[in-house]
Engineer: 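Pasting in a structure now, in C-alpha cells, and then I'll have a few things to ask.
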Amino acid sequence: MNASQLIHLRLRNEIISMSRRPGETVHEKDIAQVFGVSRTPVREALLRLSEEGLVDIVAKSGTIVSRIPVDELPEAILARKAIEQMTVRMAAEFSVKSDILTMHAIVERQTEALRSEDVNGFHEEDEALHHAIMAAAGYPGIWRFVEEIKVQLDRFRRLTLPQAHRMERALAEHIELVAAIDARNQEAAAAVMGNHLDWLGESLAEIQDINPDYFSGNPRDAHFRWTKRSRAQAAQPMESGGTLFSETNRDPQMRHVQIKGQEGA
C-alpha cells in the first residue's frame with residue numbers, strides 16, 4: 001500500500017466513523033505532516049474521497065468533509081435490505097456449524113462492547129456479523145458491493161448508535177438473527193433482517209433532531225419516501241420465486257437453489 005492509498009484509507013475511516021464531522025475543514029498541510037509526505041499523495045487521496053462523495057474540494061477555498069446526502073439514504077437502505085434478506089435466507093439453508101460458532105462469537109464480542117459502552121467496537125462487530133452471514137451463504141464477495149452502497153448510510157448509523165437503547169435493540173436483533181439461521185428458519189431470518197434494516201428508514205424522521213447541519217437535502221421528504229414505500233410494500237408484498245443465484249457457482253456439487261416466498265424488499 002503506497003502513501004496515497006494509506007492516507008485515503010485513514011481519512012475514509014475517520015469520515016465514516018464521524019471522527020471527522022460533516023462540514024469540517026480538511027487541511028492538506030496538516031495531513032502531509034502527520035504522514036511525513038509531500039502534498040501530492042494527500043491530494044490524490046482527497047480526489048478519491050471526492051469521487052466517493054466523502055469530501056468536497058472547492059477551488060481556492062480548500063476541502064471540507066461532505067455533508068450526508070439525506071436524499072440518497074432511502075435508496076441505500078432499500079438496496080441493502082434486498083441483498084441482505086436474500087443472503088440471510090441462504091445462510092439459514094447452507095450454514096455449517098463453524099459458521100454458527102463464528103456468529104455466536106461475534107455476538108459475544110458485541111455484547112461486551114455494549115457493556116463497556118464501546119461504540120466503535122460495537123460497530124465493528126456489527127459489520128463482522130453481516131459479513132459472516134454472507135460468508136455462511138457462500139457469497140462473501142457480495143460484502144464489497146454492500147460496502148459501496150452503505151458508505152453514506154454508515155455515517156448516519158454512527159450518529160444514531162449512541163442514542164438511548166439503539167445498541168440494545170441492534171444486539172437483540174442480532175441474537176434473533178443467529179438463532180433463526182441456526183434453526184434453519186429462512187422465513188424468520190429474512191423477517192428479522194428486514195425489521196433490523198427497516199429501523200434505519202424509520203430513523204430518518206429523527207435526522208433534524210440529531211444535527212441538521214450534518215446533512216444536505218430534505219430529511220422530511222426522505223422520510224416520507226421511505227414510509228410511502230413501506231406502506232406500499234405492506235399492502236402488496238413482492239413475490240419472488242425465481243432463481244437469485246446459480247448454486248453451481250457456489251458449489252458444483254450442490255443442487256440449484258430456488259429462493260421462494262416473499263422477499264419483503
Side-chain angles (χ1 to χ4, degrees), residues 1-58 61-70 72-73 76-77 80 106 109-110 112-131 143-144 146-168 170-171 199-200 203-204 206-217 219:
M1 185 178 291
N2 61 35
S4 176
Q5 292 170 328
L6 183 62
I7 294 168
H8 169 264
L9 182 61
R10 176 79 64 83
L11 292 177
R12 189 179 192 275
N13 289 338
E14 289 176 355
I15 292 170
I16 291 176
S17 70
M18 298 298 287
S19 296
R20 289 182 181 269
R21 299 281 172 159
E24 181 179 319
T25 301
V26 179
H27 299 283
E28 286 185 14
K29 182 179 178 181
D30 293 346
I31 295 170
Q33 288 179 341
V34 169
F35 284 90
V37 297
S38 68
R39 292 196 183 189
T40 299
V42 177
R43 287 170 182 159
E44 291 173 352
L46 291 175
L47 282 173
R48 286 188 63 189
L49 291 169
S50 176
E51 291 170 358
E52 293 177 283
L54 293 174
V55 300
D56 296 323
I57 300 174
V58 184
S61 297
T63 302
I64 63 169
V65 177
S66 299
R67 287 175 170 77
I68 301 169
V70 67
E72 295 179 15
L73 299 183
I77 298 167
R80 184 174 179 184
I106 292 170
R109 293 196 298 270
Q110 195 170 42
E112 289 302 317
L114 176 61
R115 287 173 182 160
S116 60
E117 299 181 351
D118 179 3
V119 176
N120 289 333
F122 188 93
H123 179 77
E124 289 172 7
E125 299 304 336
D126 187 294
E127 298 279 281
L129 181 62
H130 286 265
H131 191 189
W143 185 247
R144 294 196 305 272
V146 173
E147 285 187 309
E148 293 177 10
I149 290 168
K150 68 187 186 69
V151 168
Q152 300 295 351
L153 193 57
D154 278 346
R155 300 171 74 196
F156 172 60
R157 289 174 61 219
R158 293 302 291 261
L159 286 174
T160 62
L161 272 181
Q163 293 186 326
H165 308 302
R166 292 300 199 193
M167 292 194 291
E168 288 87 347
L171 178 60
W199 161 70
L200 291 171
S203 298
L204 290 171
E206 303 170 9
I207 285 179
Q208 289 186 322
D209 296 330
I210 298 172
N211 192 323
D213 294 335
Y214 287 171
F215 300 89
S216 64

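Owing to the predicted nature of the structure, the values given are computational and were not obtained by experimental measurement.
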Engineer: Taking the side chain as every heavy atom from C-beta outward, state whether Q110 and M167 have any pair of such atoms under 4.5 Å apart.
Structural biologist: no
Engineer: Can you name the closest pair of heavy atoms from F156 and L204 and give their distance?
Structural biologist: CZ-N, 4.1 Å
Engineer: Take the angle between the ring planes of H130 and W143 and call it parallel below 30°, perpendicular above 60°, tilted in between.
Structural biologist: parallel
Engineer: What are the two closest heavy atoms between T160 and R166, and how far apart are they?
Structural biologist: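 In this case the closest contact between T160 and R166 is O-CG, 3.0 Å.
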Engineer: Is there side-chain contact between L11 and V42, with at least one heavy-atom pair below 4.5 Å?
Structural biologist: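 When only atoms from C-beta onward are counted, V42 and L11 do not touch, as no gap falls below 4.5 Å.
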Engineer: How about R39: does its CZ atom have over 12 heavy atoms from other parts shown lying under 6.0 Å from it?
Structural biologist: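 More than 12 heavy atoms, drawn from other residues, nucleotides or ligands, come within 6.0 Å of this atom.
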Engineer: At their closest point, which heavy atom of A3 faces which heavy atom of P41, and how far apart are they?
Structural biologist: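 In this case the closest contact between A3 and P41 is CB-CB, 4.1 Å.
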Engineer: Show the nearest heavy-atom pair for residues S50 and I57, with the distance to one decimal.
Structural biologist: CB-CD1, 3.9 Å
Engineer: Is there a side-chain contact between L159 and R21, using heavy atoms and a 4.5 Å cut-off?
Structural biologist: yes
Engineer: Quick one: closest heavy-atom pair of P69 and S216, and the distance?
Structural biologist: CA-OG, 3.4 Å
Engineer: Has the side chain of S203 got a donor or acceptor atom that lies under 3.5 Å from a matching backbone atom of W199?
Structural biologist: yes
Engineer: Can you find a heavy atom in the side chain of R12 that is under 4.5 Å from one in the side chain of V151?
Structural biologist: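 The answer is yes, as the side chains (C-beta and beyond) meet within the 4.5 Å cut-off.
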Engineer: Side-chain contact, heavy-atom cut-off 4.5 Å: V70 with I68?
Structural biologist: no
Engineer: Pick from M18, R155, R67: which one makes a side-chain contact (heavy atoms from CB on, under 4.5 Å) with Y214?
Structural biologist: M18
Engineer: Apply salt bridge (charged side-chain N to carboxylate O under 4.0 Å, His left out) to residues E112 and R109 and explain how you reach the verdict.
Structural biologist: CA-CA 5 Å; E112 289 302 317; R109 293 196 298 270; over 6 Å; no
Engineer: Near E168 CD, under 6.0 Å, is it more than 12 heavy atoms from other residues, nucleotides or ligands?
Structural biologist: yes
Engineer: For the side chain of Q152 and the backbone of G53, is there at least one donor-acceptor N/O pair under 3.5 Å apart?
Structural biologist: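 Checking the backbone N and O of G53 against the side chain of Q152, a donor-acceptor pair under 3.5 Å is found.
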Engineer: Taking side chain as C-beta onward, heavy atoms only, is E44 less than 4.5 Å from I7?
Structural biologist: no
Engineer: Between A32 and S38, which heavy-atom pair has the shortest distance, and what is it?
Structural biologist: CB-O, 3.9 Å
Engineer: May I ask you to decide if D30's main-chain N or O and Q33's side chain share a donor-acceptor pair within less than 3.5 Å?
Structural biologist: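 Checking the backbone N and O of D30 against the side chain of Q33, no donor-acceptor pair under 3.5 Å is found.
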